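When a residue number appears, it is its place in the shown sequence, counting from 1. In this text, all values refer to a predicted model and were calculated from it rather than measured experimentally.
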Amino acid sequence: MGDPREPPEGAPDGGSGNEDEYRSVVFDESFVRAARIQELSARERLAGSFGRATRTRVRLGPLGTVPRQALALLLLILLAFAAAVYFGISAPNRQTARPEGSQLTVSLVALSPASAVRPVADPASPFAALPAGYGDGAIGLGTPAGAATEHFSRVEVTKALDTVQRYLVASSLAPAALVQGATADVRAFVTPGEQAQFDTSVSQPIDDRHHALTGWVVRFDPTQVALAADSVKVAGAMRIDEADSSTLQITTDHTFVYALKPAGAPSGAPVTLETVRRQLTFQFDRIDLASAQLRLVDSVLQAGPVPCSGSLAAFVQPVLAGPDGTAAPAPTAVDPGNHARPAWQVCAVLAGG
């Protein structure tokens, strides 16, 4: 009998009929998948692809093959991502990094009386002798109407002005801050980047141009001074500007006049007028505006009558008038060769004092 593996008509000429001789050319699955051509599917042939019987496949390393359309889509995605990264980095109006750490610079000027400090003529009307132009409390701040700047809308400017006004009320007019030692209401306006500096100024006030508490808030030592009148007289103005395209800047310049008497003194005790001028520079980015907080970047305080020898870092320390007046303290001599005394400490003579 013949070999059952042979075809009925017999083995081809020159062959044994045994398939062993063809095993060396059998294509395994990996070889087929790696082929660079592939026959079109029935759907592709019906769609009209008669001009070619095969389609080219592109190798993608050991992972197999990917159609050209997928590669093109991947390339477009990569280009879009690169463009987004580039324009995100180079955009001129992007939000800059928010400043942190010590930002406020403080300058304190003591105004020493040139002559004896005398009480007001009528303790019941302590401000009667003031010139025209002073208003009561917040009215005297002269807060302007908001107006749009080049990069900030009218609504944004109005919100900044409102925040500044409320800060000035809390830090210059409120009895809690003036004679009760409260600081929480003032701190609530301070942006997080400056709160650590503010806290150090409260706990360890020092005239180092950055940590004087009186740069943030007007206050008197409650063990020495009390308010003789509920109101405070104010005169001054505010100016709106831009520090840059993303920073709104408001500068305020106000003179505050306080009616003071010794702590614990009875009604009718001698009343002294204390004058404090505050020139402040505030800055806002849009995060500050949204949170109704501010950055106080510069503070100049002039106060008198005060002795030149005293420190203004923790409290404004007025020279209070006695019933018949108080002798003016002798001015402090300044030795420019004494480097133990800070060079920025300034004392001047109070006009009319």
Side-chain angles (χ1 to χ4, degrees), residues 84-108 138 141-173 177 183-202 208-218 234 236-256 277-302 344:
V85 172
Y86 172 79
F87 288 110
I89 293 175
S90 60
N93 292 326
R94 70 186 187 279
Q95 177 67 47
T96 57
R98 305 195 77 207
E100 300 290 339
S102 294
Q103 297 297 315
L104 173 61
T105 300
V106 181
S107 299
L108 305 176
L141 294 175
T143 306
T149 64
E150 182 178 358
H151 299 98
F152 289 85
S153 69
R154 180 185 62 82
V155 172
E156 290 173 323
V157 173
T158 299
K159 189 167 186 178
L161 290 168
D162 177 70
T163 303
V164 167
Q165 175 174 302
R166 291 188 295 121
Y167 174 86
L168 290 173
V169 170
S171 65
S172 307
L173 302 176
T183 58
D185 290 346
V186 177
R187 187 184 190 274
F189 289 97
V190 178
T191 193
E194 288 189 317
Q195 286 179 357
Q197 183 185 9
F198 180 88
D199 292 341
T200 302
S201 301
V202 173
D208 63 351
R209 300 205 72 188
H210 295 290
H211 297 97
L213 182 53
T214 48
W216 301 94
V217 54
V218 177
V234 188
M238 305 183 190
R239 186 179 74 248
I240 305 165
D241 201 356
E242 290 185 3
D244 54 52
S245 61
S246 62
T247 306
L248 182 65
Q249 181 168 290
I250 296 179
T251 302
T252 65
D253 191 353
H254 293 96
T255 300
F256 302 87
R277 179 180 177 182
R278 301 185 78 191
Q279 187 172 21
L280 309 175
T281 302
F282 303 92
Q283 291 183 351
F284 300 82
D285 59 24
R286 287 181 169 83
I287 297 177
D288 298 326
L289 291 172
S291 60
Q293 292 180 309
L294 48 79
R295 280 178 283 145
L296 179 56
V297 297
D298 190 70
S299 174
V300 179
L301 179 140
Q302 296 176 343
W344 59 80

Can you name the nearest heavy-atom pair linking [X] to [Y], along with the distance?
X    : Y    : result
M238 : T143 : CE-OG1, 3.2 Å
A212 : V106 : CB-CG1, 4.1 Å
I250 : A160 : CD1-CB, 3.7 Å
R209 : S107 : NH2-OG, 3.0 Å
V186 : A170 : CG2-O, 3.7 Å

Listed partners of [X] passing side-chain contact (heavy atoms from CB on, under 4.5 Å), at least two apart:
X    : answer
A177 : V217
A138 : L141, V169
A243 : T247, Q249, Q283
V202 : T183, F198, L213

Pairwise distance [atom1]([X]) to [atom2]([Y]) - rounded to 0.5 angstrom:
X    : Y    : atom1 : atom2 : answer
S172 : W216 : OG    : CH2   : 13.5 Å
F282 : L168 : CZ    : CG    : 5.0 Å
I240 : T158 : CD1   : OG1   : 8.0 Å
L280 : L294 : CG    : CG    : 10.0 Å
Q293 : D288 : CD    : CG    : 7.0 Å
Q197 : L104 : CD    : CG    : 5.0 Å

Below 4.5 Å, heavy atoms only, C-beta onward: do [X] and [Y] meet side chain to side chain?
X    : Y    : value
Q103 : E194 : yes
F256 : L173 : yes
T105 : S299 : no

Please determine, by modelled atom types, if E242 and T149 share a side-chain donor-acceptor pair under 3.5 angstrom.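 T149 and E242 do have a side-chain donor-acceptor pair below 3.5 Å.
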How far apart are the C-alpha atoms of T214 and L108, what are their side-chain angles, what is the distance that settles it, and do they pass the side-chain contact (heavy atoms from CB on, under 4.5 Å) test? CA-CA 8 Å; T214 48; L108 305 176; 3.6 Å; yes
Residue pair D253, R278: steps toward the salt bridge (Lys or Arg N to Asp or Glu O under 4.0 Å) verdict: CA-CA 6 Å; D253 191 353; R278 301 185 78 191; over 6 Å; no
Counterpart residues, side-chain hydrogen bond (donor to acceptor under 3.5 Å, both in side chains), relative to [X] (two or more places apart):
X    : result
D298 : none
D199 : R187
T200 : none
D162 : R166

L248 and V157: side-chain contact (heavy atoms from CB on, under 4.5 Å), yes or no, with the steps? CA-CA 8 Å; L248 182 65; V157 173; 4.2 Å; yes
Holding to ring-ring contact (aromatic ring centres under 6.0 Å, His included), I want the full list of residues that pass it with F152, two or more places apart in sequence or in another chain.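 None.
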Residues at least two apart in sequence or cross-chain that pass ring-ring contact (aromatic ring centres under 6.0 Å, His included) with F189, listed by chain then number, are none
For the backbone of Q279 and the side chain of H254, can you confirm whether one donor and one acceptor N or O come within less than 3.5 Å of each other?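 Side chain of H254 to backbone of Q279, a donor-acceptor pair under 3.5 Å: no, none is there.
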According to the salt bridge (Lys or Arg N to Asp or Glu O under 4.0 Å) rule, which pairs have a member within residues 144-160, sequence neighbours left out? E156-R286
